[in-house]
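In listed order, ligands and their atoms are each counted from 1.
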Amino acid sequence: MIPFEDTDIVYLKGVGPARAKLLSDEFGIKTFRDLLYTFPFRYVDKSRFYRIREFSGEMPHVQVCGQFVQIGLEGEGARQRLRGIFSDGERLMECVWFSRVRALKDFYKIGRPYVIFGKPSEYRGVWSISHPEVSDYDSTKPPTGFCGVYNMTETARKKGLTAKSLGTLARTALSHPGFARLRETLPPEVCSHYHLMPLSETLRQLHFPTSAEQLRKARERMKFEELFYLQLNILRFSRERGRRIAGIPFSKIGPKFNDYYGRCIPFELTGAQKRVLHEIRDDMRNGRQMNRLLQGDVGSGKTMVAFMTMLMAVDNGCQGALMAPTEILATQHYETLRGWGEQVGVRVELLTGSTRAKARRELHAALESGEIDILVGTHALLEEKVKFHRLGVAVIDEQHRFGVAQRARMWSKGTTAPHVLVMTATPIPRTLAMTLYGDLDVSVIDELPPGRKPIDTRLRYEDNRMEVYRLVSNELKAGRQVYVVYPLVKENEKLDLKSVEEGRERLIGLFPEWKVGMVHGKMSPEAKDREMGRFVRNETQILVATTVIEVGVNVPNASVMLIENAERFGLSQLHQLRGRVGRGADHSYCVLMTRYNIGGDTRKRLNVMVETTDGFVVSEADMKMRGPGDMEGTQQSGEAFDLRVANLATDGQILNIAREAADKVLNGRPELVTAPGNDKSLQSGVIEISDASADTLTRELRYRFQRQFDWSQIS
Ligand code: ADP
Ligand code: MG
């Protein structure tokens with residue numbers, strides 16, 4: 001007999017073949033389980049009706065009852081919209097629709113009692129809701145209380161599903177007699193150990209919460225479930241990995257490394273750099289593939305660590321590759337490394353998208369014959385034609401710009417998997433790193449080279465603008481350069497943001513004696529590179545930019561980073577941007593410009609920047625305070641892992657617990673590890689589970705990961 005949860009959705013009351021196809025096509029719902037695991041993306045409190053006069057800035061979705069006093073079409077063609085004036089008997093507000101306007105125009109009647117529902121926003125003193133949900137007011141119907149909102153697609157709507165359909169179907173499934181037979185997805189031993197809500201109750205609460213507290217518990221259980229299986233899957237492969245994936249053993253520290261270190265190195269390494277080099281060396285020596293994440297704040301000296309790591313490869317008859325996310329950055333790395341390499345007879349070359357065909361052919365040949373020791377480049381390094389003689393170590397700078405799939409391609413370039421060192425200036429907690437990158441080991445440079453002057457960071461408002469420009473002017477006169485960064489390219493009518501173009505015009509007007517360049521996301525990569533190049537060469541002194549200004553780009557002469565509408569940026573982003581200055585000048589400034597009336601949370605966030613220049617402190621604060629946004633990179637990964645409730649950026653605590661739980665379970669069930677070897681247990685103790693529970697784990701792992709790219713097995 002087919003288990004209840006695996007039953008084809010077509011057998012659910014209210015679903016026929018046509019609807020089953022629609023559910024499958026639009027929402028990936030094929031079985032009862034798929035339906036029950038399609039959760040509302042938001043919950044709203046429909047326990048009462050709001051008055052328009054109660055509306056305020058931070059309103060969630062609310063319901064209002066009243067009637068339309070006027071409704072009509074405005075504008076022409078694609079711009080056409082439907083505007084309704086809605087009265088709650090006391091005040092007026094607007095309802096606006098931008099699509100299906102003709103149909104809706106005749107649908108809603110003036111003077112009839114309706115309940116409208118949506119998120120109010122204010123513009124010039126008028127409250128409005130766009131695309132409100134409208135239903136007939138029924139005085140006999142009690143308020144519904146908590147209510148989930150499901151995702152809907154345009155196609156599904158056209159084919160007859162309404163916003164409520166998924167909820168109705170979920171209710172049908174929850175009250176199906178078979179629901180009593182629903183199988184637990186977590187071992188009962190784990191549920192009781194961590195005091196988790198049982199699955200059936202969890203699903204009920206997630207679809208139809210009875211209270212905020214029950215909903216919270218249900219979400220917690222579901223987050224745990226998602227993260228537990230994610231960790232279990234990673235751990236069962238990673239424990240084995242140490243044995244399975246051979247790496248090139250770099251047994252000797254040879255002449256190049258010693259020569260460079262003894263004779264040429266331009267500065268004393270920091271203690272942290274030395275420690276990290278030891279960790280890397282130990283890791284590459286033992287015949288297993290290194291997979292290491294190197295975290296180090298902006299300016300902590302990761303490039304030297306990368307270079308010396310590649311020297312170890314060269315000393316052992318291998319080559320090194322360094323991949324950077326942009327052409328500018330690759331070129332800068334190349335210039336640095338070529339200078340260092342020259343001193344010890346190490347040949348460094350550059351390969352990017354704009355390398356000419358002839359030079360490219362020569363590079364390819366020299367690379368394959370092993371004449372090139374270190375190749376620096378962009379993702380052009382990953383092209384099929386690029387063949388290394390013997391790639392020993394691949395270093396990837398600023399990893400978050402590269403997909404993991406690209407990383408995998410790079411790995412397969414050697415016959416034996418090369419060692420991999422991924423460098424990032426956006427530190428993330430260890431468990432998260434291991435989750436995002438499989439079984440990555442983590443090294444941390446937690447010390448800056450001596451003599452760094454902290455960047456003077458200031459929060460400034462519109463009132464202070466002239467003072468800020470005076471600072472800019474003084475720095476320009478002292479021969480320095482200035483970045484001015486804006487959050488958006490094209491001014492959005494509603495958001496009163498100064499666009500890059502406008503900003504540029506203004507700066508040209510204010511500083512006629514200086515040249516102003518501009519880079520933004522809508523420019524071609526070549527045009528961007530050209531503009532960046534001009535700034536690097538000091539042909540322009542002010543660079544107006546969106547955040548496209550390249551991560552890691554080095555213009556030591558720049559001393560001011562002026563960030564407009566700073567409240568629109570994430571903390572990590574602000575820290576990255578700030579890292580563009582303070583690279584040469586005696587005194588550098590980062591000015592965060594905002595409107596005067598920013599909210600308390602925003603002010604708190606920006607003050608973190610003012611109070612610390614330590615990237616680790618910034619990123620920790622970022623994780624803690626993050627609202628609806630996501631850490632860079634984690635959102636996509638969340639999708640790749642099919643996380644529906646858990647959020648990798650903000651659920652760090654549950655992630656840690658889930659990892660510990662997975663480890664404890666595996667300790668008691670070594671046969672679940674793909675090949676028992678078990679040299680990497682976290683040794684956190686054991687949770688003994690029954691055979692039936694072990695079957696549950698196997699079943700769930702198969703269900704969750706069979707269709708998926710297996711991250712740990714790439715190489
Ligand atoms: P990041 O970690 O941001 O990539 P870089 O590798 O670009 O930092 O280093 C920043 C600057 O610090 C470079 O100019 C580099 O030469 C210099 N540097 C690196 N290590 C040291 C050190 N131990 N002592 C002094 N300067 C150093
Ligand atoms: Mg760098």
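- The protein non-hydrogen atom at the shortest distance from atom 13 (C) of ligand 1 is Arg452 NH2, 4.7 Å.
- A donor-acceptor pair shorter than 3.5 Å cannot be found between the side chains of Glu567 and Thr594.
- Contacts with ligand 1 closer than 4.0 Å are made by backbone heavy atoms (N, CA, C, O) of Leu269 only, the side chain lying farther away.
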From CA spacing to verdict: side chain to side chain contact (heavy atoms under 4.5 Å, CB included), Leu507, Trp514: CA-CA 9 Å; Leu507 288 160; Trp514 308 105; over 6 Å; no

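- Test Leu459, Ile563, Thr457 against Leu606 for side-chain contact (heavy atoms from CB on, under 4.5 Å) and you get one pass: Leu459.
- In summary, Glu362 and Lys358 engage in a salt bridge, as defined by a charged side-chain N under 4.0 Å from a carboxylate O.
- The single protein non-hydrogen atom nearest to atom 7 (O) of ligand 1 is Thr303 OG1, 3.5 Å, given as residue, atom name and distance.
- Within the structure, ligand 1 has Asp297 among the residues with a heavy atom less than 4.0 angstrom away.
- Contacts between Glu268 and ligand 1 below 4.0 angstrom, taking non-hydrogen atoms only, involve the backbone exclusively.
- Put simply, part of Gly299 is less than 4.0 Å from ligand 1, judged by heavy atoms.
- For atom 20 (N) of ligand 1, the closest non-hydrogen atom on the protein side is Gln273 NE2, 3.0 Å.
- Put simply, part of Ser300 is less than 4.0 Å from ligand 1, judged by heavy atoms.
- Atoms of ligand 1 lying under 4.0 Å from at least one heavy atom of Thr270, given by number and element, are 23 (N).
- To the nearest 0.5 angstrom, Thr309 atom OG1 is 9.5 Å from Phe250 atom CZ.
- Which parts of ligand 1 touch Val298 is read off a 4.0 Å heavy-atom cut-off, strictly below it: atoms 3 (O).
- Defined by atom type and a distance below 3.5 Å, a donor-acceptor pair is missing between the side-chain atoms of Arg534 and Thr540.
- The main-chain N or O of Pro418 is found under 3.5 Å from a side-chain atom of Gln289 such that the two form a donor-acceptor pair.
- In Gln653, the CD atom is not crowded: 12 or fewer heavy atoms of neighbouring residues, nucleotides or ligands sit closer than 6.0 Å.
- For atom 19 (C) of ligand 1, the closest non-hydrogen atom of the protein is Phe267 CZ, 3.4 Å.
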